[in-house]
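In what follows, chains carry the letters A, B, and so on, assigned in the order in which the sequence lines appear, proteins first and then strands, with residues in each chain numbered from 1.
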Amino acid sequence: MLQQTQVATVIDYFNNFVVNFPTVVALANADEEEVLASWAGLGYYSRARNLHKSARIVLSKYRGIFPTSHSELISLPGVGESTAGAILSLACNQSRPILDGNVKRVLSRCHRVAGHYSDSKVLKEFWRLAKYHTPSKQNANYTQAIMDLGATICVPRKPLCSRCPVSRHCKANLCNDQASFPQKKARTIRPEKSLALLAYRNDKGDIYLVKRPNKGVWGGLWSFEECEDTKTAITAAIKEHNIKASIVSSLPKFKHSFTHYHLWIRPIIINSPSLEKGYFNINKMALGIPTPVKKIITMLDSLNPTKSNE
DNA sequence: GAGCCGTGGGA
DNA sequence: TTCCCAAGGCT
């Protein structure tokens with residue numbers, strides 16, 4: 001959960017997740033659908049599918065006992081070099097390096113590392129430095145400490161160098177150019193895409209949802225049928241879905257931003273009589289639904305609150 | 001190896 | 001409003 005996601009964002013999801021899946025065995029025995037439902041809203045959904053896969057591997061291959069060797073950990077889906085290092089140092093107190101965003105920032109300032117870590121040569125240098133600093137003893141303490149240092153003192157903007165325990169070793173601090181590290185990545189403009197989401201409701205108030213393929217955005221989650229945001233494409237798609245369907249309202253489009261593009265979403269609210277297959281009472285089902293889709297469902301409920309909770 | 005994969009908070 | 005970026009990994 002913590003991969004590319006801040007602690008504050010994770011906490012509620014984590015607490016809920018470990019209630020639903022208290023042990024590795026419980027997670028392994030769960031359906032992927034339940035796991036994704038517990039993950040919905042957190043993002044990067046391949047993490048949830050990989051975690052579930054890993055739990056099943058731990059159960060089948062390691063008899064439910066989580067492995068504690070680097071080679072076994074790194075072979076689990078979703079566990080890369082840094083996560084393996086975090087597990088081995090924090091849980092097992094082994095001398096293994098990690099390299100998360102916090103550590104990169106601390107190291108980049110401490111050693112005035114030029115370039116951005118998206119450059120593989122620079123990344124290699126970060127790993128070299130991370131290994132160099134990793135102590136042979138008490139590495140659990142060290143790992144927690146350098147991450148917390150990055151999270152609380154050596155923060156991205158306006159680092160609190162006067163309170164930093166290693167400021168006298170920090171090259172950037174000594175040169176007084178902390179603001180120049182880590183070097184920014186040359187920013188690229190995110191393209192804008194657009195689509196229409198077709199929110200079909202049948203006579204019972206159930207909603208039509210389709211399961212998305214694992215590959216691509218919102219992988220494995222449930223979403224509305226989508227089509228090109230043009231009048232002709234929308235009309236054709238609705239006619240194809242249900243000849244008796246009629247548009248209730250076309251809501252104003254809104255923007256949802258991803259890391260690598262912006263998406264303009266136009267919700268189309270549609271009455272779809274006499275159909276049941278593929279329609280869900282989402283109040284009764286625990287389904288993994290992406291955030292903007294959930295947002296539209298909330299709008300739906302406020303449009304027609306009477307039928308939604310039977 | 002470069003692109004892809006979510007979302008929310010802070011400035 | 002827009003941009004940055006976060007306990008990264010996979011293809």
Side-chain angles (χ1 to χ4, degrees), chain A residues 1-14 36 38-54 73-91 96-108 116-124 126-127 130 139-140 142-152 154-159 179 181-193 212-221 223 254-265 288-295:
Chain A
M1 284 185 173
L2 289 164
Q3 288 169 353
Q4 292 288 284
T5 308
Q6 293 180 339
V7 175
T9 304
V10 162
I11 290 175
D12 287 344
Y13 284 91
F14 176 82
L36 284 171
S38 287
W39 204 278
L42 243 195
Y44 285 145
Y45 299 101
S46 66
R47 295 181 298 177
R49 301 194 306 273
N50 283 334
L51 184 60
H52 184 230
K53 280 183 202 166
S54 288
L73 279 177
I74 203 88
S75 73
L76 294 173
V79 179
E81 197 61 48
S82 186
T83 300
I87 294 169
L88 291 172
S89 52
L90 295 171
R96 290 280 180 176
I98 66 158
L99 191 56
D100 71 341
N102 292 311
V103 176
K104 283 172 187 156
R105 188 168 53 255
V106 171
L107 293 177
S108 76
H116 190 267
Y117 57 80
S118 58
D119 181 339
S120 61
K121 305 275 287 183
V122 177
L123 185 62
K124 199 170 177 183
F126 275 119
W127 273 112
N139 189 40
Y142 166 77
T143 296
Q144 191 64 58
I146 191 170
M147 283 194 294
D148 286 346
L149 184 62
T152 61
C154 196
V155 290
R157 287 171 294 269
K158 298 184 179 179
F181 297 91
Q183 186 172 307
K184 305 284 186 198
K185 181 182 160 79
R187 65 174 291 271
T188 56
I189 54 150
R190 286 185 279 186
E192 297 202 352
K193 306 180 182 183
R212 299 179 61 85
N214 286 347
K215 189 177 137 153
V217 76
W218 301 328
L221 273 63
S223 180
F254 64 91
K255 188 163 78 170
H256 183 79
S257 294
F258 296 95
T259 308
H260 47 302
Y261 64 93
H262 300 287
L263 182 62
W264 286 96
I265 298 173
I289 295 172
T291 296
V293 175
K294 194 161 283 186
K295 179 175 169 179

Just do the side-chain contact (heavy atoms from CB on, under 4.5 Å) check on A:M147 and A:I98 with the steps written out, would you? CA-CA 9 Å; A:M147 283 194 294; A:I98 66 158; 3.5 Å; yes
Any side-chain heavy-atom pair from [X] and [Y] closer than 4.5 angstrom?
X      : Y      : value
A:W218 : A:P292 : yes
A:L123 : A:L99  : yes
A:Y261 : A:V217 : yes
A:R96  : A:I87  : no
A:M1   : A:Y13  : yes

Using the [atom1] atom as the point on both nucleotides, what is the distance between [M] and [N], in whole Å?
N      : M      : atom1 : value
B:dG1  : C:dG8  : C1'   : 16 Å
C:dA7  : B:dA11 : C1'   : 22 Å
B:dG8  : C:dT1  : C1'   : 16 Å
C:dT11 : B:dG6  : P     : 14 Å

If you apply the rule side chain to side chain donor-acceptor pair (under 3.5 Å), what do you find for A:R47 with A:N50, and how did you get there? CA-CA 5 Å; A:R47 295 181 298 177; A:N50 283 334; over 6 Å; no
Between the CG atom in A:N102 and the OG1 atom in A:T152, the distance rounded to the nearest 0.5 Å is 9.0 Å
Between atom CG of A:L90 and atom OH of A:Y142, what is the distance when rounded to the nearest 0.5 Å? 12.0 Å
Base, sugar-phosphate, or nothing: which does [X] touch, judged by heavy atoms less than 4.0 Å apart?
X      : value
A:P292 : sugar-phosphate
A:R105 : sugar-phosphate
A:T9   : nothing
A:G150 : nothing
A:K215 : nothing

With a 4.0 angstrom cut-off to heavy atoms of chain A, pull out the first and last contacting nucleotide of DNA chain B, in 5'-to-3' order. B:dG1 to B:dA11
Using side-chain contact (heavy atoms from CB on, under 4.5 Å), reason through A:Q4 and A:Y44 one step at a time and then give a plain yes or no. CA-CA 9 Å; A:Q4 292 288 284; A:Y44 285 145; 3.8 Å; yes
Are the aromatic rings of A:F254 and A:H256 close, with centres under 6.0 Å apart? no
Under a 4.0 Å heavy-atom criterion, DNA chain C is touched by chain A from C:dT2 to C:dC10
Under the side-chain contact (heavy atoms from CB on, under 4.5 Å) test, residues paired with A:V106 that sit two or more places apart: A:I146, A:L149, A:C154
Just jot down the side-chain contact (heavy atoms from CB on, under 4.5 Å) partners of A:H116, sequence neighbours excluded, or say none. A:S118, A:K185
Pairwise 5' ranking along DNA chain C for A:Q6 and A:T83, keeping only the more 5' one: A:Q6
Closest to the 5' end of DNA chain B, once A:S118 and A:R157 are matched to their nearest nucleotides, is A:S118
The correct set of residues in residues 42-51 of chain A placing a heavy atom under 4.0 Å from DNA chain B is A:L42, A:G43, A:Y44, A:Y45
Give a yes or no on whether the backbone of A:H262 and the side-chain of A:S257 come within a donor-acceptor separation of less than 3.5 Å. no
Give the dot-bracket string for DNA chain C, reading 5' to 3', where a pair is Watson-Crick or G-U wobble with both distances under 3.5 Å, ( ) marks pairs inside the strand, [ ] marks pairs crossing earlier ones, | marks a partner on another strand, and . marks unpaired. .|||||.||||
